[in-house]
Amino acid sequence: MISFICFIRRGFILSFLLLFFQIKLSFSNELESENLNNILKKIEALKLYDHPTWKTLLHYDPKSDKSYITDKNFLLSLKEGHFSLKREMILTIESFLNSQNLPENANPICKFPARLYWLKSNIPELDELIPKVECKDLNDYLEKAPADNITLVFAAEDVKNPTSMMGHVFLKLTGYNNNGLYVEHAISFFAVLDTLNPVKLIIDSTITGMDSFFSLKPYRKFISRYLIDENRVVWEFPLKNLKDEDKKLIHLHIWELKDVKTKYYFTSYNCATVIYYLLSIAQP
């Protein structure tokens with residue numbers, strides 16, 4: 001009889017705890033939904049998705065009303081079938097709010113730090129709602145490749161190389177790393193040259209597009225190829241008027257681009273286009 005009563009009591013306690021957690025979970029979900037609705041109302045009131053900086057972070061082309069980047073891992077709205085500035089902002093915020101238990105390599109907080117930084121600066125209440133996540137790889141990049149100063153670099157044309165006949169433009173990041181050492185890095189966007197056939201090269205580079213990749217390398221090793229191996233002239237233009245917050249946003253956006261898979265076109269989306277978008281963060 002006593003065991004039976006104890007069993008009833010345990011069952012009652014378990015049922016009570018289950019009901020308590022269900023109520024708590026329901027309340028938590030309602031609170032999250034309310035917080036999200038308030039944020040969406042603010043976005044709509046400010047028309048934040050039409051802000052020049054947001055468009056720049058998405059490499060938006062106003063002529064086509066699309067992004068030059070076609071990677072679904074970079075543009076969340078493409079997974080729904082159609083790119084949209086507004087929908088991209090909503091999906092980005094939702095992904096941040098639901099990122100608590102995701103691994104670092106799949107966590108949007110670690111993948112899109114520039115978006116996160118910019119959205120928080122415009123919607124301060126997001127800081128309390130978005131989970132605190134440690135991004136070790138991102139922090140490693142920020143510490144080892146600092147951007148205390150940013151320089152625009154142009155390497156003159158190389159007539160012997162079809163892909164460099166119009167020159168090449170890229171960025172140099174300089175500063176003191178986490179060990180107190182002064183370091184310089186080159187940030188660049190390249191086409192993958194897989195043919196020497198001039199007809200195919202013209203078609204690939206203007207119509208079908210070429211595969212591409214982003215590069216982060218020590219500046220001295222990178223620049224020696226242009227100066228010594230190819231005997232090209234190189235100009236450096238220090239960007240002295242950049243604000244600290246602009247440099248930080250550019251620095252973070254470079255990280256967002258590192259794994260992007262998109263096509264390289266000599267006439268529309270090339271090394272100069274990417275640098276244009278990076279600098280437009282400071283001057284939209």
Side-chain angles (χ1 to χ4, degrees), residues 39 43 48-49 51-60 67-69 71-79 85 87-150 171 173-178 183 185-189 213-216 239 242-262 274-275 277-284:
I39 290 170
I43 288 173
L48 204 56
Y49 46 83
H51 195 285
T53 302
W54 179 249
K55 293 178 179 179
T56 298
L57 290 173
L58 301 181
H59 293 221
Y60 175 73
S67 169
Y68 279 115
I69 295 176
D71 190 338
K72 292 181 180 180
N73 291 319
F74 180 79
L75 294 175
L76 306 179
S77 57
L78 280 183
K79 295 180 179 179
L85 290 167
R87 189 62 184 152
E88 189 68 27
M89 181 171 286
I90 293 171
L91 290 173
T92 298
I93 291 174
E94 287 180 347
S95 70
F96 288 156
L97 294 175
N98 298 305
S99 60
Q100 180 67 58
N101 298 315
L102 295 176
E104 182 178 347
N105 61 354
N107 198 306
I109 289 178
C110 300
K111 289 177 63 178
F112 304 120
R115 297 190 199 185
L116 178 62
Y117 179 77
W118 185 79
L119 285 168
K120 280 185 176 181
S121 67
N122 287 274
I123 312 174
E125 50 266 43
L126 278 175
D127 192 47
E128 296 182 0
L129 300 175
I130 293 177
K132 301 296 185 276
V133 176
E134 184 180 0
C135 303
K136 294 181 179 179
D137 290 341
L138 171 61
N139 292 333
D140 195 45
Y141 154 74
L142 295 174
E143 291 174 353
K144 292 185 177 180
D148 300 338
N149 294 289
I150 300 177
L171 294 182
L173 308 183
T174 62
Y176 291 89
N177 65 16
N178 54 326
V183 291
H185 289 88
I187 302 292
S188 190
F189 180 58
F213 67 96
F214 288 87
S215 169
L216 168 65
L239 305 176
L242 291 178
K243 299 177 182 177
D244 288 343
E245 61 183 25
D246 293 331
K247 287 186 283 189
K248 181 172 182 177
L249 199 52
I250 291 172
H251 201 195
L252 293 172
H253 186 49
I254 290 169
W255 175 262
E256 293 181 340
L257 297 174
K258 69 180 180 67
D259 294 324
V260 166
K261 292 179 175 59
T262 195
V274 170
I275 298 303
Y277 277 102
L278 284 169
L279 298 184
S280 291
I281 290 173
Q283 296 289 337

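Within the structure, side chain to side chain donor-acceptor pair (under 3.5 Å) pairs that include any residue of residues 101-113 do not occur (at least two apart or interchain).
By the 4.5 Å heavy-atom criterion applied to side chains, Val183 and Pro146 are counted as neighbours. At least one side-chain heavy atom of Leu85 sits less than 4.5 Å from a side-chain heavy atom of Lys55. For the pair Trp255 and Asp137, the minimum side-chain heavy-atom distance is below 4.5 Å. Two residues are said to be in side-chain contact when any heavy atoms from C-beta on lie closer than 4.5 Å; Tyr141 and Ile254 meet this criterion. Taking 4.5 Å as the limit, some side-chain heavy atom of His51 sits within range of a side-chain heavy atom of Trp118. Between Leu252 and Leu142, some side-chain heavy-atom pair lies under the 4.5 Å cut-off. Annotation: side chain of Leu173 is not in contact with side chain of Ile250 (no heavy-atom distance under 4.5 Å). Phe74 is listed as a side-chain neighbour of Leu257, based on a closest heavy-atom distance under 4.5 Å.
Summarising the geometry of Thr262 relative to Phe189, their closest heavy-atom pair is CG2-CZ, 4.3 Å, with the distance given to 0.1 Å. Considering every non-hydrogen atom in both Pro131 and Phe96, the closest pair reads CD-O, 3.3 Å. Between Tyr117 and Glu245 the shortest heavy-atom distance is OH-CB, 3.8 Å. Between Leu138 and Pro113 the shortest heavy-atom distance is CD2-CB, 3.7 Å.
Without hydrogens or angle criteria, Lys247 side chain to Asp148 main chain gives a donor-acceptor distance under 3.5 Å. In this structure a side-chain-to-backbone donor-acceptor pair under 3.5 Å is present from His251 to Ala145. The backbone N or O of Leu58 lies less than 3.5 Å from a partner atom in the side chain of Ser67, making a donor-acceptor pair. With Glu256 contributing its side chain and Arg115 its backbone, the two residues share a donor-acceptor pair below 3.5 Å.
Scored by the side chain to side chain contact (heavy atoms under 4.5 Å, CB included) test, Leu129 finds Asn35, Ile39, Leu97 as partners (sequence neighbours excluded).
Counting heavy atoms of neighbouring residues, nucleotides and ligands inside a 6.0 Å radius, atom NZ of Lys261 does not exceed 12 of them. Applying the 6.0 Å contact sphere to NZ of Lys136 captures no more than 12 heavy atoms from other residues, nucleotides or ligands. Within a 6.0 Å sphere centred on NZ of Lys243, heavy atoms belonging to other residues, nucleotides or ligands number 12 at most.
Note that the CG atom of Leu76 and the CD1 atom of Ile93 stand 11.5 Å from one another [nearest 0.5 Å]. The CD1 atom of Ile109 sits 8.0 Å away from atom OG of Ser95, with the distance rounded to the nearest 0.5 Å. Residue His253 holds its NE2 atom at 10.5 Å from CZ of Phe112, rounded to the nearest 0.5 Å. To the nearest 0.5 Å, the span separating CG on Asp140 from CG on Asn178 amounts to 7.5 Å. To the nearest 0.5 Å, atom CG of residue Leu242 and atom CD of residue Gln283 are 8.0 Å apart. To the nearest 0.5 Å, the span separating CZ on Arg87 from CD on Glu94 amounts to 5.5 Å.
Using a cut-off of 4.0 Å between Lys/Arg side-chain N and Asp/Glu carboxylate O, Asp127 and Lys120 are scored as salt-bridged.
Between Tyr277 and His59, the distance separating the two ring centers is shorter than 6.0 angstrom.
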